[in-house]
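Below is one structure; the comments refer to it alone.
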Amino acid sequence: MAKIYTHLEKLEKNIAHNDGFNEESQQIFSEFNGQLAAEQLPFEGFDKVKFVAATKVTGVATRPDESTTHGIGWVGIKDSYYITEKKVTDFTWLRDASLSTRILGPPIETFTSDAPNWTASIYPLSLGYDQGTFLRIPTKEGMLKGCATIDTEYYGFSKRTAGSPAVTGNFGTAGRVQLYVFVNDILVGTTGPQPAGKRVTYQIPFSIPVGASEALDIDIRASATFDIESNIVTFPDAAKVHFYSAQLWVRNQYR
Amino acid sequence: MAKTNFDYQEDRTVPTATGIMSPFTNLKENTNGSTGKIEGVNTRSECITRDHLDDPNALGDTITRVYTAAAVNITTTSFSDVLDIPYVKTLTATDMLRIEFNPFATVTAYTGGGATPDDKGAANYYLQIFATIGGSDVAISPIFGYGTITDGRGFTGSRSETTTFYTRNPVSYIYMPSSSTSVTNIVLKGRVDNGTNATVRFENRQGFLIQPNY
């Protein structure tokens with residue numbers, strides 16, 4: 001305990017002695033120079049302005065190779081937040097020539113079974129997104145919580161009009177799409193396999209304890225399967241998964 | 001740095017007033033708030049506890065909640081209000097606001113005559129978060145899309161048929177203005193692709209704002 005009391009007797013005739021002065025002063029100054037403790041600090045005396053101000057961080061890597069750095073962060077005394085986002089902003093996309101209504105688009109990424117352009121595995125969306133799906137951040141020991149949000153569209157294919165059995169359902173019975181969030185290549189959140197789900201914006205919350213690190217990677221990945229057979233009527237769209245706006249934010253709570 | 005020192009008084013010398021006063025003058029000048037302050041180097045590790053915070057129970061975060069049970073219909077191709085959270089504040093360049101909305105979409109409907117709605121071209125609705133800055137609503141979040149239909153291939157009913165479904169549409173965002181910004185409202189807005197015949201209804205609309213103070 002760092003409370004200081006005068007502990008020498010009063011000197012006769014009020015004469016200062018060197019030893020008395022040194023002994024008192026040495027303790028006071030040694031406490032002051034680095035040993036002030038909770039007892040010296042006022043309870044309920046610290047509000048926001050007494051703490052070191054939060055700082056903003058820019059240039060946070062949004063691709064694994066750090067070729068893009070569009071993420072931003074907010075570093076406070078008890079936690080930090082980072083966010084990256086990819087915005088699709090224009091309602092000018094005509095999906096195909098047969099339509100007249102222009103909708104939000106075009107998508108950032110499309111996975112199609114007609115002309116496969118993805119590898120058949122879990123696919124990091126940061127390969128197609130320059131931001132919005134990947135963050136590389138410094139962390140302190142504590143918890144990492146966050147949420148991945150991504151706008152997807154997947155009508156799938158419609159009917160198998162021949163074969164046995166003929167499928168008359170109008171949902172993507174033979175196709176699945178799944179979204180994942182990985183932290184340092186550890187799966188921490190997923191949608192689970194989703195059937196053809198029309199236009200859906202998925203939010204994937206996640207939470208994982210983390211240690212102190214200079215570079216922790218968080219990224220959104222996706223996989224899709226298409227079991228295309230003959231006699232498939234593709235309505236209203238071919239077997240495609242579109243990905244539009246994406247957003248990824250995390251909070252590292254260390255106090 | 002507020003470390004200070006004192007002059008050791010040598011034995012067998014007569015203490016002088018100046019010699020005795022100088023360390024206390026140093027101490028005064030290092031703590032008077034102008035030429036010196038108590039700094040981090042003066043304090044022990046882990047010396048500050050929760051009891052030192054001015055609001056030790058709540059940690060002082062500013063939390064704003066809005067809940068509205070009543071329904072609102074979104075029917076146009078321009079963004080209109082789904083839920084408005086009044087929040088009058090000047091957010092400095094070092095402030096951060098965590099935003100979450102959670103409206104409950106209950107009914108989509110296509111009305112009017114004509115053929116089956118164009119399900120792949122105009123079947124969606126969208127949500128986006130805005131901040132009211134200087135009286136104008138400024139989009140801050142990305143636009144996120146949702147289907148008005150429940151099956152996989154599209155809306156299969158005819159016009160005037162109502163498709164009912166129940167889904168929460170959670171939307172979250174971390175707002176970090178790059179410069180000092182005075183806001184009066186944080187608003188979730190929605191729009192539809194088909195501004196003539198489509199309706200999306202939201203009920204039990206919930207919104208949360210959290211601004212950390214520590």
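A note on names: the letters A, B, ... follow the listed sequences, proteins ahead of strands, and every chain is numbered from 1.
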Residue part contacting chain A, namely of [X], when any heavy atom lies under 4.5 Å:
| X | value |
| --- | --- |
| B:Asn169 | neither |
| B:Arg12 | backbone |
| B:Ile38 | side chain |
| B:Gln128 | neither |

### Residue among A:Pro42, A:Gly34, A:Ser245 with most heavy-atom pairs under 4.5 Å to chain B
A:Gly34
### Message
Out of A:Gly45, A:Gly132, A:Ala38, A:Cys147, return the one with the most heavy atom pairs under 4.5 angstrom to chain B.
### Response
A:Ala38
[X] versus [Y], closest heavy-atom pair with distance:
| X | Y | answer |
| --- | --- | --- |
| A:Ile103 | B:Asp193 | CG2-OD2, 3.4 Å |
| B:Pro142 | A:Lys86 | CB-O, 4.1 Å |
| A:Ile83 | B:Met176 | CG2-CE, 4.0 Å |

Could you tell me the separation between the [atom1] atom of [X] and the [atom2] atom of [Y], rounded to the nearest 0.5 Å?
| X | Y | atom1 | atom2 | value |
| --- | --- | --- | --- | --- |
| A:Gln40 | B:Asn42 | CD | CG | 10.5 Å |
| B:Phe24 | A:Phe29 | CZ | CZ | 5.5 Å |
| A:Tyr81 | B:Ile174 | OH | CD1 | 5.5 Å |
| A:Tyr244 | B:Asn124 | OH | CG | 7.5 Å |
| A:Glu153 | B:Tyr146 | CD | OH | 13.5 Å |
| B:Thr92 | A:Lys56 | OG1 | NZ | 7.0 Å |

### Task
Decide side chain to side chain contact (heavy atoms under 4.5 Å, CB included) for A:Arg199 and B:Tyr126; before the verdict, give the C-alpha distance in whole Å, the side-chain angles of both, and the deciding distance to 0.1 Å.
CA-CA 10 Å; A:Arg199 184 66 171 262; B:Tyr126 306 90; 3.6 Å; yes
### Message
For A:Phe43, is there any backbone N or O sitting under 3.5 Å from a side-chain donor or acceptor partner on B:Asp51?
### Response
no
### Task
Please check if the side chain of A:Asp151 supplies one atom and the backbone of B:Gly145 the other of a donor-acceptor pair under 3.5 Å.
yes
### Message
Heavy-atom pairs under 4.5 Å with chain A - which of B:Val171, B:Asn26, B:Leu127 has more of them than the others?
### Response
B:Val171
#### Entry: Partner chain A: residue of B:Asp11, B:Ile48, B:Thr49 with the largest heavy-atom pair count (under 4.5 Å)
B:Asp11
#### Entry: Audit row: B:Thr77, A:Phe91, side chain to side chain contact (heavy atoms under 4.5 Å, CB included) steps and yes/no
CA-CA 10 Å; B:Thr77 57; A:Phe91 288 83; over 6 Å; no
### Query
Between B:Ser172 and A:Gln203, is any side-chain donor less than 3.5 angstrom from a side-chain acceptor?
yes
#### Entry: Steps toward side chain to side chain contact (heavy atoms under 4.5 Å, CB included) verdict (A:Asn18, B:Thr13)
CA-CA 8 Å; A:Asn18 295 341; B:Thr13 61; 3.7 Å; yes
### Contacts of type side chain to side chain contact (heavy atoms under 4.5 Å, CB included), residue A:Pro193, not counting sequence neighbours
A:Arg176, A:Gln178
#### Entry: B:Arg168 atom CZ, over 12 foreign heavy atoms within 6.0 Å
yes
